[in-house]
Amino acid sequence: MTTPETAPRRIAIVGGHCVLPDEREPEADVLVIGDRVVRVGPVEPAPGDLVIDAAGCWVVPGLIDLHVHGGAGADFADGSLHAVKTALDFHAAHGTTRAVASLVPMESARLRQAMTTLADRPSRGLLGVHLEGPYVSAAKRGGLDRAFLRPPDGKGFRELVDGFESSVRIVTLAPELPGAAGLLEAVRDVGAIAAIGHSEATYEQALAAIEQGVRHVTHLGNAMSGLHHRAPGIFGAALFHDRVTLELIVDGIHVHPDVVRFLVEDLSARGQLDRLSLVTDAIRAAGSADGRFTLGNLAGTVYGGVARLADGTLAGSTLTLDAALRNVVRFSGVPIPRAIQLVTRNPAAVLGETHLGQLRPGAVADIVLLDDDLDVRTTIRSGEVIFNSSAPV
Ligand SMILES: [Zn+2]
């Protein structure tokens, strides 16, 4: 017998359209007890339940961002819990309940300090760390600082992540560089996902890398060899090889809207839309007015919401995942329940987090209410309301 004081928190979400794992959208209620979804279907709220009226709303799993550096002025590399919380709270107001914190190349001591801060992750919605480099191509460095790029080095990687092996989830690397085979082995040994990115690998080199264990593509189209009819590049390898999962920055700047539409239509037609995850690649400037920003040791300027270094190179984005969702619907015409999969179930599957990204009994109670315009009304993480558009908490 539990007493009222110790009874787990209950939330009844009533009257919304639920986007379920099979993309159905029934009129259904959702009952949350503690940190879990316990029922999707008719729910009779009990006395004491927090009742959320979802009439006219989409009720969807919490959004998951596989690639994000920060937001609201904070960067995950800042090395303080306050910065981590600031960035996560900002993105939670845009529906993101879980994120992989991306770190750009910088001094090893700073990277390790950031990983120390990020290691205490579950309670704050972090799913771990993405190392975007340092073992990448200078020719395709994009917004990464050339001074901190390193040749692939399995031993150096093991030292860099020593003590943080379980936190490191994704490592972006350039497989065409000498030493990449040893690095791939070291990445596999810590249980992280090897991702191709910031790379000028040829089509053939990219296919060979996929054979050797690369299974993810960092921001498809950006900072990589592109699709040419005689040299399909990484873009072609990513498109044609169904074993890799794909990230896409859908802000209308990083990838042309018609390329977004082509990718969504092509993957859908081939029954492979589950390979695609939308990411933000958001930097600290996300959520701020235009102006100066820093990324690692580099500085740049945001103008019209687009973040660039002084030489004009794109340096991350100011995107949020709810905006990416609206954009992908607008650019491609993909039905909303299918689009939801791109920011929930697909990124969860990349990480093997099967208890996330789906609205079903037993899943972790990460839930977002979106209005008709796909604006976020309420964000719930682990059964706790962490954002409400009418009354921020
Ligand atoms: Zn990035």
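In this text the structure is predicted, and so the values were computed from the model without any measurement. Whatever order the structure lists ligands and atoms in, that order sets their numbers, starting from 1. For this chain, numbers begin at 1 and follow the sequence in order.
With a cut-off of 2.8 Å, the Zn ion (ligand 1) has no N, O or S atom of H219 in range.
Of all N, O or S atoms in H69, the one lying closest to the Zn ion (ligand 1) is NE2. As for D281, its N/O/S atom nearest the Zn ion (ligand 1) is the one called OD1.
Under the ring pair (Phe, Tyr, Trp, His ring centres under 6.0 Å) criterion, H219 pairs with H67, H198, sequence neighbours left out. By the side chain to side chain contact (heavy atoms under 4.5 Å, CB included) test, L267 is found to be paired with L246, R270, Q272, L273, R275, L276, residues two or more places apart in sequence or in another chain being considered.
Considering every non-hydrogen atom in both A201 and I196, the closest pair reads CB-CD1, 4.3 Å.
The NE2 atom of H67 and the OE1 atom of E132 meet at the Zn ion (ligand 1) at an angle of about 100°, given to 10°.
R215 and T245 share no donor-acceptor pair across their side chains, judged by distance under 3.5 Å alone.
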